[in-house]
Amino acid sequence: MPPKKKARVSKTASNSGKDDDQQPVASGKTTSGGGKRKPAASVEKSSESPASPHYCHWLLKSEPESRFENGVDVKFGIEDLKALPNQTGCWDGVRNYQARNFMRNMKEGQLAFFYHSNCKEPGIAGLIKIVKEAYVDHTQFDKKDIHYDASSKADNPKWSMVDVQYQRMTKRFLSLSELKKYHLQHRAEGGPLKDMALFTRARLSVQPLTSEEFDFVLGLEDKEPLVPAV
DNA sequence: GCCAACGTTGGC
DNA sequence: GCCAACGTTGGC
């Protein structure tokens, strides 16, 4: 297991959620279908979880600039991932249920954008690949780790992580401001980024992208920046 | 450094 | 189960 890495997400978060799974989805919904439906005979797939939606692409946020949390630098930019052995690292420290659940849905081989957050210039810096599917995040049991979670028990670990491998930098940096312009435009006139999680669920550190969103964003690499020089 | 948005906690 | 208080995220 690769060295340390920093995943955005919550800091201390000693949260204690329910015991295990499912947490509400941001927008509240989810609960609607609720509880126990007794399917008599027809198993009508619940309208609620179209079974884990088949997301195929992701966006993972991490901070590329130094910032100290309890004396520990949380900096972990794409260059830091690239510098690890085999250019691979574990995405530990995620302490938000929605983000965790998305990680649990990741499949080996899927691609994700590496997004730089909480920094001078936020945006997409490169591409990474999921190389190991969700497994126990050991940092939840490490009292010295900033992401230690006293409420998580060894026999029922609360948090998961995946391993990711550096693929390449995007041909040019895709800034948040540029993405936002497309988002606003698409929201007004229609277009692939109209519901992009980066804007509709801005605080999520692990986000899903539809193929349309992913393809559109990646396509920006070959276009001139929309934004007047930074 | 400010602060809006929003997730989490805990009283009731 | 509601909801106010609180804490965190992350852009600006």
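Proteins come first, then strands; the chains are lettered A, B, ... in the order of their sequence lines, and each starts at number 1. What you see below is based on every heavy atom in this structure, not just the backbone, and it leaves out hydrogens, waters and symmetry mates.
One interatomic measurement links the two molecules: NZ of A:K181 to C1' of C:dG11, which rounds to 15 Å at whole-angstrom precision. To the nearest angstrom, C1' of B:dG1 lies 18 Å from CZ of A:F68. Distance, A:K120 NZ to B:dG1 P: 14 Å, rounded to whole Å. Distance CG (A:L176) to P (C:dG11): 6 Å, rounded to an integer number of Å. The distance from atom CZ of A:R203 to atom P of B:dG7 is 6 Å, rounded to the nearest whole Å. The CG-P distance, from A:L204 to C:dG11, rounds to 13 Å in whole Å. Distance, A:L198 CG to B:dA5 C1': 14 Å, rounded to whole Å. If you take CG of A:N96 and P of B:dT9, they are 11 Å apart, rounded to a whole angstrom.
A:F114 pairs with exactly one of A:Y166, A:F173, A:W91 by the ring pair (Phe, Tyr, Trp, His ring centres under 6.0 Å) rule, that one being A:W91.
Seen from the ring of A:Y182, A:K180 does not count as a face-on cation partner, given the 6.0 Å and 45° thresholds.
The distance from the CG atom of A:L220 to the CZ atom of A:R172 is 6.0 Å, given to the nearest 0.5 Å.
Nucleic acid contact class of A:Y115 (heavy atoms, under 4.0 Å, all strands): sugar-phosphate only.
For the residue pair A:S160 and A:R104, a side-chain donor N or O sits within less than 3.5 Å of a side-chain acceptor on the partner.
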